[in-house]
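Structure record follows, encoded as structure tokens.
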Amino acid sequence: MNNDSLKIPVIIPLIIGIIAISFSSIFVKWSEAPVSVQGMYRLLFTLLLMLPFVWKQFNFLKKISFKDAALLFSSGAFLALHFLFWMGSLKLTTVASSTILLSLQPVFVMIGAFIVFKEKTSKAAMIGMLVAIIGAIMIGWGDIGISAQHIQGDLLSILGTIVVALHMLIGQKLLKSIPATLYSFTVFLTAVIVFVVYNTFLNIPMTGYPEKEWGIFLLLAIIPTVFGHVLFNWLLKYVTAATISMAILGEPVGATMLAYILIGETLTVSQWIGGAIVLSGLYYFLQNTRKQKRDKPPAPIKKPVTVGPIVKKG
């Protein structure tokens, strides 16, 4: 990862992204449209917003290998599944429960990054991750598994967490050779196609929704997608997928607070304490991740080996 080329502290775009994605669950709760329709228009409107900034890069697609094209399609399919599972979970359980389970994403990303990329995380950073996860569990502890419906929502959120971890790991690999905006655009387009096929197959209406729903679709595109997912995809060029996933642990805090303010979901004392613990663990993880990269010794410079006398040509 090329942290040196990032001109601003990485914590600034991370905070912006966390605040943006925290609004996602609120918008989903406000909408009465099927989640597959919400996800489709969320990404479709995002594509329209991105088009003026990405169309000049389309020629780059000609250089992409068949393997990378397959990975792009897989990444988009996993993103569609993430929205389908996670947004579906919000219809069955509370914001706190759904986002808390989503925050287990770093566990799956770290396992996958170790298997695929051989990435290692320092013990101090792992401690920060565990502290944050413990705090996240406290946020939703009093709400998880109350009823069969809640359990179904919990399972959907876990499935959404697994597939978005796969999406991010593929993105980390592809963004080494593909421009971030082009990657996001292509992945979003693939996800839209997946949603269209899904809605068509299940005879889910894709038109005829009231103005309120179209406004929510647009808000989903602008706030949590452009200032959340697109921003995080761009940051994958500078930090690891595990770091992005760890930052997303801030979402349960923001989403739970917004749910309390905007839709009246109440919180227990343990949930408020858990939010503070999440932020503490997040900060500790990010600090130790950056320290690990700063302290990493540079690769040794190999001196050229000469055999025999060097003849200087005039």
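For the single chain, residues carry numbers from 1 onward in sequence order.
Side-chain contact check for L43 versus F83: some heavy-atom pair is nearer than 4.5 Å. Counting only heavy atoms from C-beta outward, the side chains of I8 and P13 approach each other to under 4.5 Å. Between Y260 and T256, every side-chain heavy-atom pair lies at or beyond the 4.5 Å cut-off. Residues F232 and L14 are in side-chain contact: their nearest non-hydrogen atoms beyond the backbone lie under 4.5 Å apart. No side-chain heavy atom of V164 sits less than 4.5 Å from a side-chain heavy atom of F78. Side-chain atoms of I127 and Y284, non-hydrogen and from C-beta on, do get closer than 4.5 Å to each other. Residues P224 and F27 form a side-chain contact, since some pair of their non-hydrogen atoms from C-beta on lies under 4.5 Å apart. No side-chain heavy atom of F195 sits under 4.5 Å from any side-chain heavy atom of L44.
A side-chain donor-acceptor contact under 3.5 Å links H167 to the backbone of S75. For K29 (side chain) and S24 (main-chain N/O), no donor-acceptor pair under 3.5 Å exists by modelled atom type. Under a 3.5 Å cut-off, the side chain of Q38 and the backbone N or O of M87 do not form any donor-acceptor pair. Side-chain atoms of S74 come within 3.5 Å of backbone N or O of A70 as a donor-acceptor pair. Judged by distance alone, with hydrogens and angles left aside, the side-chain atoms of S22 form no donor-acceptor pair with the main-chain N or O of L258 at under 3.5 Å.
Linking ILVMFWY side-chain heavy atoms closer than 4.5 Å, directly or via other members, places L72 and F66 in two distinct hydrophobic clusters. Tracing side-chain contacts under 4.5 Å through hydrophobic residues (I, L, V, M, F, W, Y), one reaches I21 starting from L49; they form part of the same cluster. The cluster map of Ile, Leu, Val, Met, Phe, Trp and Tyr, joined by side-chain heavy atoms under 4.5 Å apart, puts I178 and F73 in different clusters. Under the 4.5 Å side-chain heavy-atom criterion for ILVMFWY residues, a single connected hydrophobic cluster contains both I64 and W55. Linking ILVMFWY side-chain heavy atoms closer than 4.5 Å, directly or via other members, places I12 and V10 in a single hydrophobic cluster.
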**Request:** Please test H82 against L102 for side chain to side chain contact (heavy atoms under 4.5 Å, CB included), starting from the C-alpha separation and ending with a verdict.
**Result:** CA-CA 10 Å; H82 162 65; L102 184 65; 3.6 Å; yes

**Request:** Start with the C-alpha gap between D154 and S89, add the side-chain angles, then the distance that decides, and say whether side chain to side chain contact (heavy atoms under 4.5 Å, CB included) holds.
**Result:** CA-CA 7 Å; D154 296 344; S89 74; over 6 Å; no

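The environment of M206 atom CE is dense: over 12 non-hydrogen atoms of other residues, nucleotides or ligands sit within 6.0 angstrom. Shown here is F53, whose CZ atom has no more than 12 heavy atoms of other residues, nucleotides or ligands within 6.0 Å. For F23, the CZ atom sits in a loose shell: 12 or fewer heavy atoms of surrounding residues, nucleotides or ligands are nearer than 6.0 Å.
Residue T225 comes nearest to T46 through the heavy atom pair CG2-OG1, 3.3 Å, listed as atom of the first residue, atom of the second, then distance. The heavy-atom pair separating V230 from M50 by the smallest distance is CG2-SD, 4.1 Å. Summarising the geometry of L90 relative to V95, their closest heavy-atom pair is CD2-CA, 4.0 Å, with the distance given to 0.1 Å. Here the shortest heavy-atom pairing between A180 and L175 reads CA-CD2, 3.4 Å. Counting all heavy atoms, side chain and backbone alike, T99 lies closest to A255 at CG2-CB, 3.9 Å. In terms of heavy atoms, K91 sits closest to V28 at NZ-O, 3.1 Å.
To the nearest 0.5 angstrom, Q152 atom CD is 12.5 Å from S157 atom OG. Between atom CZ of residue F188 and atom OG1 of residue T186 there is a gap of 10.5 Å, rounded to the nearest 0.5 Å. Between I26 atom CD1 and M257 atom CE the span is 12.5 Å, to the nearest 0.5 Å. Annotation: the span from I16 atom CD1 to I11 atom CD1 amounts to 11.0 Å, rounded to 0.5 Å. Remark: I18 CD1 to L231 CG distance equals 10.0 Å, nearest 0.5 Å. Atom-to-atom distance recorded for I158:CD1 and W86:CH2 is 15.0 Å, nearest 0.5 angstrom.
Taking Y198 as the reference, nothing meets the ring-ring contact (aromatic ring centres under 6.0 Å, His included) condition, with sequence neighbours excluded.
Residues T93 and S98 bring no donor and acceptor atom of their side chains to less than 3.5 Å of each other. A donor-acceptor contact closer than 3.5 angstrom is absent between the side chains of Y209 and S31.
Ring centroids of W214 and Y41 are separated by less than 6.0 Å, placing the two rings close together.
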